[in-house]
Amino acid sequence: MAVNLKGRHFLTLMDFTPEEIRYMLDLAHDLKAKKRAGVYNYGLKGKSVVLLFEKTSTRTRCAFEVACIEEGAQVTFLDSKSSQMGKKESLEDTAKVLGRFYDGIEYRGYDQKVVEQLAEHAGVPVWNGLTDVDHPTQILADLLTIEEHIAKPLNKVKVVFCGDIRNNMAYAWMYGCAKMGMHFVAYGPEELAKDVDASVLERAREVAKATGATIEVSSDKACLKGADVLYTDIWASMGEEDQIPERVRMLTPFRVNMEMIEETENPDVIFMHCLPSFHDMETTMAKTQMDLGYDIREVTDEVFRSRFSKVFDEAENRMHTIKAVIVATIG
Ligand code: CP
Ligand code: NVA
């Protein structure tokens, strides 16, 4: 049956079938090729989109804005300081008002329930631009990047996520790999393994039964062997900065370095990262924390800048995949 995603929300990949995810990836490949050829559909001419950000962003915000502009849609950006949402106006009322003005609503914030509540009341598609427990647009970009760099179907690809294995990216990966029949390993310290949300693992493993995926949690470096992708993320996500000392203590042995690349025994392994990344001392946060005695770099500069690293292709793909999500759901 032909896939039709018009009117659908994009809150988590768990809401989509593998065929629907395939459809969005194919659309993203197509839109990327068209942009390269200078061909624009302007399929969203006359449409308007609002972007709600309760946390900061570079890639996600710009990806949504550029995607909309390139497809002919108008964009409004609101951050937590410049709207009434949640402070003077309930989520329900906010969703109802914005749904009258706009054809689609992007939301980035803390609680997944907020994006779900917006979706319940907006009457137009709502897209998840990151919450504390998921980051589905990032996974679409990552899958696109894997397809561009690894000459294997997704269901033959092994992804090892190193570091904070209980964060939004780790969970988003569990869902993405489960849906696409992939081999996923969350590689981190035993101390953090016990904090991995059991319901996330259970839901991912339930899907995996049908797709042939494998979803593992491991503290044994032997899991690196055969990896096609080494992935990492910052050790303290937005809103968790007070946990930096504890995370540095636990995660320093999991900093991605050349030894870990070698442990994969795969000369074609690629390194990926959702970004932003601490890989050098060129940020105020890395410097401030270093002055306090905490080296927060989750990957060495050597790996980040190596031939294995595909992080900027991945960042570019945020725009192509987000454009595909918008076009598929409201175009
Ligand atoms: N990867 C990602 O979501 O980046 P931003 O926080 O810059 O949007
Ligand atoms: N885990 C990170 C992802 C940033 C894209 C965070 O939530 O801050």
Side-chain angles (χ1 to χ4, degrees), residues 10-13 28 51-68 75 77-80 106-112 114-115 127-146 159 161-176 186 188 192 195-197 200 229 231-244 246-248 250-251 254-256 271-279 282-283 285-286 289 296-299 304 309-323 325-326:
F10 186 85
L11 308 184
T12 170
L13 287 182
L51 312 179
L52 306 177
F53 278 80
E54 296 201 292
K55 287 176 177 168
T56 52
S57 168
T58 298
R59 275 145 294 273
T60 310
R61 172 184 177 176
C62 296
F64 269 96
E65 293 205 9
V66 172
C68 286
V75 193
F77 173 82
L78 289 179
D79 63 21
S80 51
E106 182 276 354
Y107 173 80
R108 166 174 286 199
Y110 296 86
D111 196 336
Q112 181 79 7
V114 173
V115 76
W127 308 295
N128 182 353
L130 179 146
T131 63
D132 284 346
V133 294
D134 211 335
H135 196 7
T137 61
Q138 179 71 51
I139 298 298
L140 273 192
D142 296 346
L143 295 176
L144 192 80
T145 310
I146 288 173
V159 177
F161 181 97
C162 312
D164 183 9
I165 55 176
R166 33 101 282 150
N167 79 3
N168 43 12
M169 279 311 308
Y171 294 165
W173 262 117
M174 287 180 195
Y175 297 147
L192 273 190
D195 293 338
V196 172
D197 187 326
V200 171
V229 179
Y231 200 104
T232 195
D233 186 9
I234 54 171
W235 290 343
S237 289
M238 288 179 271
E240 297 182 340
E241 288 75 10
D242 59 325
Q243 294 177 44
I244 284 174
E246 186 63 353
R247 295 284 167 76
V248 169
M250 280 194 278
L251 293 173
F254 296 86
R255 174 176 295 131
V256 177
F271 169 73
M272 296 179 71
H273 192 309
C274 53
L275 306 183
S277 165
F278 297 114
H279 58 92
E282 299 303 314
T283 60
M285 192 182 284
Q289 291 298 330
I296 60 172
R297 289 172 292 186
E298 69 277 354
V299 55
F304 190 88
S309 178
K310 305 300 174 201
V311 297
F312 295 111
D313 289 345
E314 186 184 357
E316 178 191 333
N317 284 338
R318 296 299 309 287
M319 201 285 289
H320 304 297
T321 42
I322 280 172
K323 190 189 277 179
V325 171
I326 302 172

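Remember, it's 1-based here, ligands and their atoms both numbered in the order they're listed.
Closest protein heavy atom to atom 4 (O) of ligand 1: Arg59 NE, 2.8 Å. With hydrogens left out, the protein atom closest to atom 7 (O) of ligand 2 is Asn168 ND2, 2.8 Å, a heavy atom. Looking only at protein heavy atoms, the nearest one to atom 7 (O) of ligand 1 is Thr58 N, 2.7 Å. The protein atom (non-hydrogen) at minimum distance from atom 8 (O) of ligand 2 is Met238 N, 2.8 Å. Ranking protein heavy atoms by distance to atom 6 (O) of ligand 1, first place goes to Arg108 NH1, 2.8 Å. Nearest protein neighbour of atom 3 (C) of ligand 2, counting heavy atoms only, is Asp233 OD2, 3.6 Å. Regarding atom 2 (C) of ligand 1, its nearest protein heavy-atom neighbour is Arg318 NH1, 3.2 Å.
Closest heavy-atom approach to atom 1 (N) of ligand 1 among the candidates Thr137, Asp233, Thr56, Leu275: Leu275.
Every N/O-N/O distance between Arg108 and ligand 2 stays at or above 3.5 Å. Remark: ligand 2 and His135 share no N or O pair separated by less than 3.5 Å (distance only, no angle test).
In this structure, Lys55 is positioned above the aromatic face of Tyr110, its NZ or CZ under 6.0 Å from the six-membered ring centre and within 45° of the axis. Cation-pi geometry between Arg61 and Phe53 is not met at under 6.0 angstrom from the ring centre and within 45 degrees of the axis.
In this structure a side-chain-to-backbone donor-acceptor pair under 3.5 Å is missing from Glu314 to Ser309. Side chain of Gln243 to backbone of Glu241: no donor-acceptor contact under 3.5 angstrom is found.
The contact set between ligand 2 and Leu130, taken as ligand atoms under 4.0 Å from a residue heavy atom, comprises 3 (C), 4 (C), 5 (C), 7 (O). Residue-ligand proximity, Leu275 to ligand 2, at heavy-atom distances under 4.0 Å covers atoms 5 (C). Within ligand 1, the atoms closer than 4.0 Å to a non-hydrogen atom of Cys274 are 1 (N), numbered from 1 in the order shown. Which parts of ligand 1 touch His135 is read off a 4.0 Å heavy-atom cut-off, strictly below it: atoms 2 (C), 3 (O). Under a 4.0 Å criterion applied to the non-hydrogen atoms of Asn167, ligand 2 contributes the atoms 1 (N).
Electrostatic pairing of Arg247 and Asp164 counts as a salt bridge here, judged by a charged N lying under 4.0 Å from a carboxylate O. A salt bridge links Arg166 to Glu240: at least one charged side-chain nitrogen sits closer than 4.0 Å to a carboxylate oxygen.
Residues Tyr231 and Trp173 bring their aromatic ring centres within 6.0 Å.
Within the 4.5 Å cutoff, no side-chain heavy atoms of Phe254 are placed close to those of Glu298.
No hydrogens or angles considered: a donor-acceptor pair under 3.5 Å links the side chains of Asn317 and Thr145.
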